[in-house]
Amino acid sequence: MRQTQRMIIEQLGVRPDLDPVVEVERRVRFLIDYLRTSGAAGYVLGLSGGVDSTLAGRLAQLAVEQIRAGGGEATFVGMRLPYRVQHDEADAVAAVRFVDADETLTVDIAPGVDGLNEQIRQATGAALGDFTKGNTKARHRMVAQYALAGERSLLVVGADHAAENVTGFFTKFGDGAADVLPLSGLDKRQARAVLRHLGAPRQLWEKVPTADLLDEDVGRTDEDELGLSYEHIDDYLEGREVPGEVAERIEEAWHRGRHKRTTPVEVSDTWWRPPGTARVRAGRPWSWWTCRFRISSSRSSPRYGTSWSHGSMS
């Protein structure tokens with residue numbers, strides 16, 4: 001096993017051998033314990049119809065049901081957050097049915113996204129590009145969840161997992177923002193296995209992952225955006241051998257996405273500085289050194305760009 005590979009696996013807590021029964025119990029227990037400790041009234045999560053949010057949503061619903069069964073009070077709210085009409089509406093409806101949240105709300109984020117876009121156009125003379133607008137959609141979805149959470153004393157559930165974490169495949173302060181991450185340590189293959197164990201319909205646990213953020217490329221798959229297959233990413237995270245070029249791309253993505261896996265940078269932080277340098281040389285642009293973390297890609301993606309200033313910062 002590669003040295004960096006071993007380090008990443010340890011940091012993300014991925015277990016190569018997974019028992020879905022044990023994982024469901026462990027993750028539901030985590031949600032129960034954290035909610036009780038926090039004193040919050042329950043959880044809220046955006047439900048997209050994808051594997052990750054469907055699994056996280058079902059775990060959250062099981063957690064609040066167990067709390068109530070023990071005499072406590074807790075609720076789970078699932079939020080549909082489409083931009084106008086969701087292209088895979090049937091999957092979203094199936095996910096809502098399977099998750100069976102105590103309450104499901106639908107909030108169209110289009111007025112907020114389009115309103116901001118128009119204000120920026122008036123101020124700058126140019127509307128947001130599709131790439132930036134995609135990240136804006138993700139951030140508006142999280143704004144909606146935190147708005148409801150604030151009104152009802154809820155905690156926001158995130159659906160990030162190890163396969164997204166290692167590649168930085170999430171929007172900074174968008175779907176990367178949350179209070180709890182019940183899928184942490186799972187890769188995509190394992191998330192599918194746990195969701196299947198819970199009895200989800202095949203169309204949900206077999207669903208092809210897509211961020212669905214771009215107006216000009218609706219339904220573009222995660223794997224196309226990443227330039228990597230989840231099979232290779234999962235193999236890497238489970239300690240298996242993958243082609244050298246694939247391992248290098250994953251490791252470059254890990255280093256390049258470091259800024260997404262931390263709170264805002266403070267003066268005393270050093271993780272972001274180029275190895276072997278005490279500080280960034282005055283007058284040098286960011287691209288002077290961030291290019292060392294660049295990963296070539298045929299096209300840009302809101303979640304996975306080609307430089308810090310275009311995508312990976314998002």
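The chain is numbered in sequence order, starting from 1. Note that the structure is predicted; figures quoted are calculated from it, not measured.
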> Within the side chain of T132, is there an N or O that forms a donor-acceptor pair under 3.5 Å with the backbone of L128?
Replying inline: no
>> Between L183 and I233, is there shared hydrophobic-cluster membership here, with clusters defined by ILVMFWY side-chain heavy atoms closer than 4.5 Å?
In response: no
> Ignoring hydrogens and geometry, is there a side-chain-to-backbone donor-acceptor pair from D160 to G176 under 3.5 Å?
Replying inline: no
> Within the distance-only criterion (no hydrogens, no angle test), does the side chain of R141 pair as donor or acceptor with the backbone N or O of L81 below 3.5 angstrom?
Replying inline: yes
> Going by the side chain to side chain donor-acceptor pair (under 3.5 Å) test, which pairs reach into residues 110-121, not counting sequence neighbours?
Replying inline: Y83-D114, R84-D114, E118-R121, E118-Q122
> Who passes side chain to side chain contact (heavy atoms under 4.5 Å, CB included) against P82, sequence neighbours left out?
Replying inline: R80, Q86, T106
> Distance only, no hydrogens: is a donor on one side chain within 3.5 Å (strictly under) of an acceptor on the other, for H161 and D52?
Replying inline: yes
>> If you apply the rule side-chain hydrogen bond (donor to acceptor under 3.5 Å, both in side chains), what do you find for Y236 with E251, and how did you get there?
In response: CA-CA 10 Å; Y236 180 92; E251 289 164 8; 2.8 Å; yes
>> Donor-acceptor pair, distance only, cut-off 3.5 Å: does the side chain of E23 make one with the backbone of V194?
In response: no
> Is the Lys NZ or Arg CZ of R261 less than 6.0 Å from the centre of W254's six-membered ring, within 45° of the axis?
Replying inline: yes
>> Using the salt bridge (Lys or Arg N to Asp or Glu O under 4.0 Å) definition, which of the options D212, D215, D108 pairs with K137?
In response: D215
Please set out all donor-acceptor pairs under 3.5 angstrom arising from side-chain atoms of residues 36-48, sequence neighbours excluded.
unit_1: T37; atom_1: OG1; unit_2: D33; atom_2: O; d: 2.9
unit_1: S38; atom_1: OG; unit_2: Y34; atom_2: O; d: 3.4
unit_1: S38; atom_1: OG; unit_2: L35; atom_2: O; d: 2.9
unit_1: S38; atom_1: OG; unit_2: A40; atom_2: N; d: 3.1
unit_1: Y43; atom_1: OH; unit_2: L31; atom_2: O; d: 2.6
unit_1: S48; atom_1: OG; unit_2: G50; atom_2: N; d: 3.2
unit_1: S48; atom_1: OG; unit_2: S53; atom_2: OG; d: 3.2

> Does any N or O in the side chain of E25 come within less than 3.5 Å of the main-chain N or O of V21, such that one atom is a donor and the other an acceptor?
Replying inline: no
> Stepwise, does the side-chain hydrogen bond (donor to acceptor under 3.5 Å, both in side chains) test hold for D91 with Q203?
Replying inline: CA-CA 7 Å; D91 291 331; Q203 76 180 92; 2.8 Å; yes
> Does any N or O in the side chain of H197 come within less than 3.5 Å of the main-chain N or O of A193, such that one atom is a donor and the other an acceptor?
Replying inline: no
>> For the backbone of G174 and the side chain of R139, can you confirm whether one donor and one acceptor N or O come within less than 3.5 Å of each other?
In response: no
> Can you hop from F30 to L155 via hydrophobic side chains spaced under 4.5 Å?
Replying inline: yes
> T262 side chain to R258 main-chain N or O, any donor-acceptor pair under 3.5 Å?
Replying inline: no
